[in-house]
Every structure is written in C-alpha cells, then in structure tokens.
Amino acid sequence: MRHAGIPTGVHVLCEREGRLLLMRRAGTGFFDGLYSLPGGHVEADESVLAAAQREVREELGLRVEERDLAWMGVVHRRSDTNRIDFFVRARRFEGEPAILEPDKCDRLAWHAPDALPEATIDYVRKALAAGEGPWMLELGW
C-alpha cells in the first residue's frame, strides 16, 4: 500500500525588542483572519531550513542565514489533513518586514509573547507557549 505524503510546514519566529512578528492571514481560505508566524509549505526539493529562509524572504523581504536559524520544535497535528509543522527561531535577520504577498496577508504586527492576539491560530499559540525547545506536540488526535 502506498501512502500519500504528509503536508509539511515551517514557521519562523522573528523577534525584535522582546516582541514576536505575527502575520494576519487573508484571502487563502485557510485560517483567514487569524494571526500566525511567517512560514509556509516545505517544497519537495528543499530542506526545512531552506524553506524557512525562502518563506521569510518571499512573505516579508527579510534575509536570514541558515546558521542563524535555531530548531524549536515540531507539531504533529490533525487539521484539514494529517500535518507536520516545524518551528524555528531566527536568531538574527536583516531587513524591515513588509507585506509582500497581500493576497495571503493583510496585517503585520509585533506582539509581546504573553499578549498574543486572541485571534491567533491555536496550534501556533500552543507551540509558542512550549518555549525554546526542543519539544514535540501532538494536537487534535
């Protein structure tokens, strides 16, 4: 029996002056109106860290070196399907964040970790609450 691949995502924690950068999703049909970390799908031909670099560049215009990405944890979750999400921290990044994909995001905001918007995606909130890591969460089972 052949098994279909599990959709794999990466989320990137960017901090400045003790605040986390969150993006409000819009226009995708998936968690629209809710805040999340920058990130997206890991493509078939790239590593998780390469996907993290690409996503923050495409979504925000930020540049981050692979050596400046630190592993935090993994969420295995049931959503619309069986999914795996990796969370990494950008210890350093260059540039000023801007909305470069307005068809997917309608707001950027810096938030204190203990004052996330009520409209934050639940599994992202739980991953952030898990701390520095390493950790592994299973949600929705």
Inset, instruction - Consider only side-chain N and O atoms of Asp85 and His76, and report whether a donor and an acceptor are under 3.5 Å apart. - result: no

Considering residues at least two apart in sequence or located in another chain, which fulfil the side-chain contact (heavy atoms from CB on, under 4.5 Å) criterion with [X]?
{"X": "Leu100", "value": "Ala98"}
{"X": "Ala26", "value": "Asp106"}
{"X": "Arg125", "value": "Leu116, Thr120"}

Inset, instruction - Taking the six-membered ring for Trp and the full ring for Phe, Tyr or His, determine whether the centres of Phe87 and Trp71 are under 6.0 Å apart. - result: no

Legend entry - N-O pairing of Glu138 and Arg78 below 4.0 Å: no

Legend entry - Lys/Arg-Asp/Glu bridge criterion (N-O < 4.0 Å) met for Arg54, Glu59: no

Legend entry - Axial cation check for Tyr123 ring with Arg77, 6.0 Å and 45° limits: yes

Legend entry - Inter- and intrachain pairs under salt bridge (Lys or Arg N to Asp or Glu O under 4.0 Å), touching residues 112-123, at least two apart: Asp122-Lys126

Inset, instruction - Any pair with a residue in residues 31-40 that passes salt bridge (Lys or Arg N to Asp or Glu O under 4.0 Å), sequence neighbours left out, goes on the list, sorted by first then second residue, please. - result: none

Can you give each donor-acceptor pair under 3.5 Å made by side-chain atoms of residues 35-44, sequence neighbours left out, with the distance rounded to 0.1 Å?
unit_1	atom_1	unit_2	atom_2	d
Tyr35	OH	Arg107	NE	2.8

Inset, instruction - Run the numbers on Glu132 and Arg89 for side-chain contact (heavy atoms from CB on, under 4.5 Å), then give the verdict. - result: CA-CA 9 Å; Glu132 294 287 324; Arg89 173 186 305 278; 2.8 Å; yes

